[in-house]
J.: 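Structure in structure tokens, see below.
Being a predicted model, the structure only gives us computed values, none of them experimental. All values below come from the heavy atoms of this structure, side chains included, with hydrogens, waters and symmetry mates left out. Below, chains carry the letters A, B, ... as their sequence lines are ordered, and counting in each starts from 1.
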There are 2 protein chains.
Amino acid sequence: MSRIVTERKDVIATLAETFREHGYDGTSLSLITEKTGLGKGSLYHFFPGGKEEMAEAVLADISAWFRAHIFDALREGEDPVEAIEAMFASVDSYFRQGRRLCLMGVIAASGAHDRFARELNGYFTDWRTELAATLERAGAPAAECSALAEEIVGGIQGALILARSLEDPAAFGRVLSRLKARCSMAPAS
Amino acid sequence: MSRIVTERKDVIATLAETFREHGYDGTSLSLITEKTGLGKGSLYHFFPGGKEEMAEAVLADISAWFRAHIFDALREGEDPVEAIEAMFASVDSYFRQGRRLCLMGVIAASGAHDRFARELNGYFTDWRTELAATLERAGAPAAECSALAEEIVGGIQGALILARSLEDPAAFGRVLSRLKARCSMAPAS
DNA sequence: GCATTTGTGTACCAATCGGTAAAGTGTTTA
DNA sequence: TAAACACTTTACCGATTGGTACACAAATGC
């Protein structure tokens, strides 16, 4: 019997998908065992803190992904208009054209939100901040770009909820393209 | 010892608040017992179907409220512009200036979403439909008002998630007023 | 080659889960 | 006034929950 050796990071993607689909409270250890193929022994070897540490690891992983692929790209993109366009493309792909929920939103809307308040706050604060700065670089009126960023970051979350509720993933793309259109209006005077 | 007699409808508001705050899976019968002050016997007397029937009753109650106070007001308001303005005011008040989540959104973002798919779909479909029709009556370009309604209904959900995550209820009001502003642009040609 | 580290499987735990059964109390109705 | 009804209380059920203990196997380091 060949032993299949796992590493901590191999589990995180599966963990993330499970939490996304079933929520924090809806994800039991037995469900995790089933989805990952790992027994409790292995699970608690990687995550001594149990379920809470698993969720924390997943959230940290997601934060890192967004920092690397979205926030940094916004800040460091030479052409801010192009960078914003790239952000929308990345978001559409990351959320699988509206078929995948945002785990940050899922946690925020669950009873476990206070346990992960720091991660949630950081994620949304960073996104709003970086997007606002890039909008300003792109020529949006300075007084407005923080509010516009807020509207967009929130709009993305709402569009995901809406798409799932309407059972119409395409609704996500429609809202996304409207939000994108808002970015190119009211260019710098 | 005076016996306190309860009616089914008396429990529903407390039930709603509990589900809102703790999510569907996070709301246990013992938590419900604690919040409502009712024992399991009484609970199962009112809701023989248990937790699922309780949630269904709450969702039905919410649907009825929105139908009566939002959707009907949109459809029957003589002045469509005023009706839309009233909708935003009602929404701001219903969601307690961003301090209260939408239970429909909470369920949609939970693992229980498929169990209540019909209710979720109906709620969002009706809202989008009625708002789109009112926008058209208000003079919005016919080709656009369905998409605009979608953007607004989704935007409200997202703003609630955002406000909770940022621990800044005021973010809800800010997004709300931006969404409202979108309604008065592009008047009929 | 031997010890240590890294990962796995199994058995177990108290606590809680959602749900049931039935006796009891008060209120309405006939 | 007696039966029917509406609500409550208490005790109980098997299943599942998150978590622990520990023996065990494979890879790794010296």
J.: Compare the minimum distances between each of C:dT8, C:dT20, C:dC17 and the side chain of B:Tyr44, then state the nucleotide with the smallest one.
T.: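 Selected nucleotide (nearest to the side chain): C:dT20.
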J.: Would you mind reading off the distance between B:Asp10 atom CG and D:dA6 atom C1', rounded to a whole angstrom?
T.: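 That distance rounds to 14 Å.
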J.: Between atom CG in A:Leu29 and atom P in C:dC17, what is the gap in whole Å?
T.: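 It works out to 15 Å between those atoms.
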J.: Could you state the atom-to-atom distance from CG of B:Leu43 to C1' of D:dT9 in whole Å?
T.: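 So the CG-C1' distance, B:Leu43 to D:dT9, works out to 13 Å.
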J.: Between the side chains of A:Glu151 and A:Arg128, is the shortest nitrogen-to-carboxylate-oxygen separation below 4.0 Å, so that they form an ion pair?
T.: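 Result for this pair is no, no salt bridge flagged.
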J.: Exactly one of B:Lys35, B:Arg100, B:Arg164 should register a salt bridge (charged side-chain N to carboxylate O under 4.0 Å, His left out) with B:Glu21. Which one does?
T.: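 Among B:Lys35, B:Arg100, B:Arg164, the one that satisfies the salt bridge (charged side-chain N to carboxylate O under 4.0 Å, His left out) with B:Glu21 is B:Arg164.
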J.: Heavy atoms, side chains only, cut-off 4.5 Å: are B:Asp10 and B:Thr36 in contact?
T.: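 The answer is no, as the side chains (C-beta and beyond) never meet within the 4.5 Å cut-off.
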J.: Using atom NE2 of B:His22 as one end and atom P of C:dG18 as the other, report the distance to the nearest whole Å.
T.: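 In whole Å, C:dG18 P lies 13 Å from B:His22 NE2.
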J.: Between A:Gly41 and B:Phe46, name the one whose nearest nucleotide on DNA chain D is closer to the 5' end.
T.: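 By nearest-heavy-atom nucleotide position, the 5'-most residue is B:Phe46.
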J.: Could you tell me how far apart B:Met54 (CE) and C:dC17 (P) are, to the nearest whole angstrom?
T.: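 Going from CE in B:Met54 over to P in C:dC17 covers 13 Å.
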J.: Indicate yes or no: does A:Arg174 engage A:Asp168 in a salt bridge with an N to O separation below 4.0 Å.
T.: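 Between A:Asp168 and A:Arg174 there is a salt bridge, with a charged N closer than 4.0 Å to a carboxylate O.
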J.: In whole Å, what is the span from the NZ atom of B:Lys40 to the C1' atom of C:dA22?
T.: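 Those two atoms, NZ and C1', are 15 Å apart.
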J.: Let me know the distance between NZ of B:Lys9 and P of D:dC7, rounded to the nearest Å.
T.: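 Atom-to-atom, B:Lys9 to D:dC7, this comes out as 11 Å.
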J.: When the distance from NE2 of B:His45 to P of D:dC7 is rounded to whole Å, what number comes out?
T.: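 Going from NE2 in B:His45 over to P in D:dC7 covers 4 Å.
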J.: Of the options C:dT8, D:dT17, C:dG18, whose atoms approach the side-chain atoms of A:Ser30 most closely?
T.: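 It is D:dT17.
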J.: Name the nucleic acid region contacted by A:Thr33, choosing base, sugar-phosphate or nothing; use a 4.0 angstrom heavy-atom cut-off, strictly under.
T.: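 Here A:Thr33 touches no strand at all.
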J.: Give one of base, sugar-phosphate or nothing for B:Ser42, where a contact means two heavy atoms less than 4.0 Å apart.
T.: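 B:Ser42: base contact, heavy atoms under 4.0 Å.
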